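Since the structure is predicted, the reported quantities are computational estimates derived from the model, not experimental observations. Heavy atoms only: backbone and side chains are in, while hydrogens, waters and symmetry mates are out. Counting starts at 1 for both ligands and their atoms, in listed order.
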Amino acid sequence: MKIPTFSIPIIEIPLQKNIQLFLKREDLIHPKISGNKYWKLFYNINSYLDQNPENPFLITFGGAFSNHIAATAALGKEFKLKTMGLIRGEEIQEKWQENPTLKLAHQNGMNFRFVTREEYRDKDSLTQILLKEFPEALIVPEGGTNELAVEGIQFMLDSYTKSFDYLCTAVGTGGTIAGISKFAEENQQVLGFKVVDDDSLYNKVIELSKRNNFKLLEAHDGGYGKISDDNIRFINDFKEKYGIQLDPIYTGKMMKKIFELIEEDYFPEGSKILAFHTGGLQGIFGANEMLKKQNRELIKL
Ligand SMILES: *Cc1c(COP(=O)(O)O)cnc(C)c1O
């Protein structure tokens with residue numbers, strides 16, 4: 001059974017200015033799978049299944065709250081592949097049941113190996129060891145980013161996305177923006193909202209997309225995974241106003257920055273902007289547990 005393609009609705013976020021802002025709801029693909037992770041795994045899994053492996057087995061890497069880990073486990077269950085996650089941080093080994101992302105991934109059939117941060121950093125050696133142990137396995141890198149992932153992102157673009165001047169996405173490992181950049185129209189400007197403070201991203205994206213039609217803007221708001229009070233307020237207001245749930249790690253940070261840019265007249269009058277809602281909503285559960293422990297305002301669900 002292979003992973004299917006389908007088309008996704010685009011909806012308008014009404015503004016008081018002569019600028020049109022739309023959201024493409026990749027989050028609607030699946031409640032537990034970030035939309036972009038689905039497309040990043042699309043060719044990776046389908047081309048692997050095309051080889052008819054005897055015992056399909058997918059191994060990948062991630063942090064304890066990773067949307068990619070959640071997506072891999074859920075897709076593994078749906079498309080009948082065994083999955084294993086190499087999780088950063090040995091200390092989680094004792095208490096992974098308390099982590100909503102890992103708990104759900106496990107319910108979806110994923111097994112884990114917990115590795116130290118040092119081992120995790122040296123993913124090339126880890127991959128070599130895994131390949132020896134599991135020669136038939138499909139090994140997908142952290143965040144799912146590789147060349148096949150970039151190809152899969154083409155399904156986020158279709159005849160309806162062609163009329164937009166700007167295409168916006170949150171940027172973690174850079175695979176999603178690389179795909180949008182690669183498959184964008186000649187006249188489209190691609191904007192990436194970096195939620196990770198990582199200077200190597202620009203070169204990584206160019207290498208994957210082979211185009212320079214994109215800009216990377218800072219949107220990390222204190223660092224990857226950090227959740228400010230402003231961020232929470234923005235997400236809760238956005239939900240109340242527009243009825244759309246954002247996540248605190250990616251899409252909330254991107255939309256907040258897009259609103260700031262609109263406020264600063266960054267976009268010329270008459271611009272048509274399309275932002276991709278890449279999902280990530282599973283991360284809210286883990287975020288809220290942390291916020292609760294800190295006695296802070298929660299993200300409304
Ligand atoms: C992973 C993720 C991103 C970033 O994608 P990259 O390809 O790693 O840059 C954006 N949004 C959500 C919700 C994600 O889960």
### Task
Cation-pi check, K257 to F193: give yes when NZ or CZ is under 6.0 Å from the six-membered ring centre and within 45° of the ring axis, no otherwise.
no
### Query
K162: what forms a salt bridge (charged side-chain N to carboxylate O under 4.0 Å, His left out) with it, not counting sequence neighbours?
E185
### Query
Partners of F134 by ring-ring contact (aromatic ring centres under 6.0 Å, His included), sequence neighbours excluded?
F57
### Message
Using side chain to side chain donor-acceptor pair (under 3.5 Å), reason through K239 and Q245 one step at a time and then give a plain yes or no.
### Response
CA-CA 5 Å; K239 174 139 191 220; Q245 182 81 61; 3.0 Å; yes
### Summary
For ligand 1, protein residues within the heavy-atom limit of under 4.0 Å are S34, N36, K37, K40, N67, T145, A170, V171, G172, T173, G174, G175, T176, Y250, T278, G279, G280
### Query
Which ILVMFWY residues can you reach from V150 by hopping between side chains whose heavy atoms are under 4.5 Å apart?
L208
### Query
I258 and side-chain contact (heavy atoms from CB on, under 4.5 Å): which partner among L217, L21, L23, L191?
L21
